[in-house]
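One structure is given here, and the rest of the page talks about it.
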Number of protein chains: 2
Amino acid sequence: MNMAGIDAMCPERLLMEHVTSRWGTLVLIALLDRAHRFSELRREIGVVSEKMLAQTLRTLERDGLVHRDAKPVIPPRVDYSLTVLGHEAAEQVRGLARWTERRMAAVERAREAYDATRP
Amino acid sequence: MNMAGIDAMCPERLLMEHVTSRWGTLVLIALLDRAHRFSELRREIGVVSEKMLAQTLRTLERDGLVHRDAKPVIPPRVDYSLTVLGHEAAEQVRGLARWTERRMAAVERAREAYDATRP
DNA sequence: CGGCATCCCAGATGATACTG
DNA sequence: CAGTATCATCTGGGATGCCG
């Protein structure tokens with residue numbers, strides 16, 4: 001265990017991987033805006049397979065970050081929203097996302113400088 | 001492109017994957033404390049292969065987050081430290097890490113409740 | 001000591017088809 | 001509409017060996 005209390009395979013790291021996973025981040029950020037139906041999330045996220053979206057939502061629901069509200073109607077309607085816990089997670093993730101936006105240009109300059117100095 | 005300006009394969013997402021990757025997070029948090037040699041990072045992180053640590057460090061260096069200082073001595077000595085950009089990234093990541101520590105117990109209760117309601 | 005090159009595999013992800 | 005099931009593919013990551 002290192003100084004931050006996070007090691008390679010501790011429970012905290014697994015939770016962190018759920019919220020920072022490719023689809024986890026996009027789901028959390030989309031839900032930070034408002035509740036979404038399954039198909040709305042698919043459209044908003046862009047290209048994501050049904051399987052991965054369903055799997056991601058189930059993981060986040062199990063962790064208590066996302067609330068699933070399945071209405072007993074035909075055709076089915078399922079709404080996903082953030083819990084209080086999920087809202088906190090989403091804000092952390094959004095902070096990271098916003099940082100990447102602010103600093104993307106600087107990072108790309110750094111890459112060009114790095115690449116320019118070698119084969 | 002969704003509302004957060006982040007989609008599945010944009011440059012921002014790649015950058016985010018670098019900083020939130022399994023080894024990226026641990027390296028950034030370790031360097032937030034102080035500069036480390038390669039072998040110090042290996043020990044501090046715990047179980048990490050040389051390959052992944054080297055690869056992670058190269059990626060973070062290329063992104064301009066980590067500074068690599070190779071001293072021309074024998075035996076070789078290489079020190080890694082955070083750049084200003086890297087310090088910002090590391091603080092975001094540490095924020096996420098601290099959140100997982102604060103909320104881990106609540107998440108585990110949520111999982112038990114979830115698991116208790118099905119096969 | 002601090003790497004890089006190679007091979008290999010489990011697990012993550014995608015594609016497609018099917019269902020309540 | 002909102003999934004599940006199955007099969008195929010891709011890739012992060014470990015193991016090993018070599019080198020300046």
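Hydrogens, waters and symmetry mates play no part in the numbers below; they use all other heavy atoms, side chains included. First the proteins, then the strands, lettered A, B, ... as listed; each starts at 1. For clarity, every value in this text was computed on a predicted model and none was experimentally measured.
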Minimum heavy-atom separation for L85(B) and G64(B), please, with both atom names.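 Looking at all heavy atoms of both residues, the shortest contact is CB-O, 3.7 Å.
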Whole-Å distance separating the [atom1] atom of [X] from the [atom2] atom of [N]:
X	N	atom1	atom2	answer
D69(B)	dC1(C)	CG	C1'	15 Å
D79(B)	dG2(C)	CG	P	8 Å
E50(A)	dC1(D)	CD	C1'	10 Å
I45(A)	dG14(C)	CD1	P	11 Å
L57(B)	dG3(C)	CG	P	7 Å
R77(B)	dC1(C)	CZ	P	12 Å
F38(A)	dT4(D)	CZ	C1'	11 Å
H36(A)	dA2(D)	NE2	C1'	16 Å

Under 4.0 Å between a side-chain N/O of [X] and OP1 or OP2 of [N], yes or no?
X	N	answer
R37(B)	dG2(C)	yes
R43(A)	dA2(D)	no
S39(B)	dC1(C)	no
Y80(A)	dC1(D)	no
R58(B)	dC4(C)	yes

Among R37(A), R68(A), K71(A), find the one that has a salt bridge (charged side-chain N to carboxylate O under 4.0 Å, His left out) with D79(A).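 Running salt bridge (charged side-chain N to carboxylate O under 4.0 Å, His left out) over R37(A), R68(A), K71(A) with D79(A) returns exactly one hit, K71(A).
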With a 4.5 Å limit on heavy-atom distance, are the side chains of [X] and [Y] in contact?
X	Y	answer
T20(A)	E17(B)	no
M16(A)	E12(A)	no
T100(B)	L14(A)	no
L26(B)	L41(B)	no

Practice task
Show your reasoning for whether side-chain hydrogen bond (donor to acceptor under 3.5 Å, both in side chains) applies to T25(B) and R13(A).
Solution key: CA-CA 10 Å; T25(B) 56; R13(A) 161 133 290 272; 2.4 Å; yes
Please write out each protein N/O paired with an N/O of nucleotides 9-11 of chain D under 3.5 Å, distance rounded to 0.1 Å.
none

Quiz item: the helix from dC1(C)-dG20(D) to dG20(C)-dC1(D): angle between its terminal axes, five pairs each, to 10°?
Solution: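 About 50°, once rounded to a multiple of 10°.
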Have a look at R42(A) and say if it touches a base, only the backbone sugar-phosphate, or nothing, with a 4.0 Å heavy-atom cut-off.
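Touches nothing.
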- Message: I'd like to know if R62(B) pairs up with E112(A) as an ion pair, taking the criterion as any Lys NZ or Arg NE/NH1/NH2 lying under 4.0 Å from an Asp or Glu carboxylate oxygen.
- Response: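 E112(A) and R62(B): not salt-bridged.
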(request) Please determine if D69(A) and R77(A) form a salt bridge, counting it only when a charged side-chain N lies under 4.0 Å from a carboxylate O. (result)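 Salt bridge between D69(A) and R77(A), a charged N being under 4.0 Å from a carboxylate O: no.
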Pick the nucleotide of DNA chain C nearest each of A54(B) and S49(A); which residue has the one closer to the 5' end?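 Its nearest nucleotide lies further toward 5', so the answer is A54(B).
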Produce the list of close N/O pairs, under 3.5 Å, pairing protein atoms with atoms of nucleotides 7-12 of chain C; give distances to one decimal.
none

Q. Do V93(A) and W99(B) pass the side-chain contact (heavy atoms from CB on, under 4.5 Å) test, and can you show the C-alpha distance, the side-chain angles, and the key distance before you say yes or no?
A. CA-CA 11 Å; V93(A) 169; W99(B) 176 83; over 6 Å; no
Q. Can you tell me how far the CG atom of L15(A) sits from the CE atom of M104(B), to the nearest 0.5 Å?
A.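 Result: 5.0 Å between the selected atoms.
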Check your understanding: Going from NE2 on H87(B) to CG on L32(B), what distance comes out if it is rounded to the nearest 0.5 angstrom?
Key ->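 Reported value, rounded in 0.5 Å steps: 4.5 Å.
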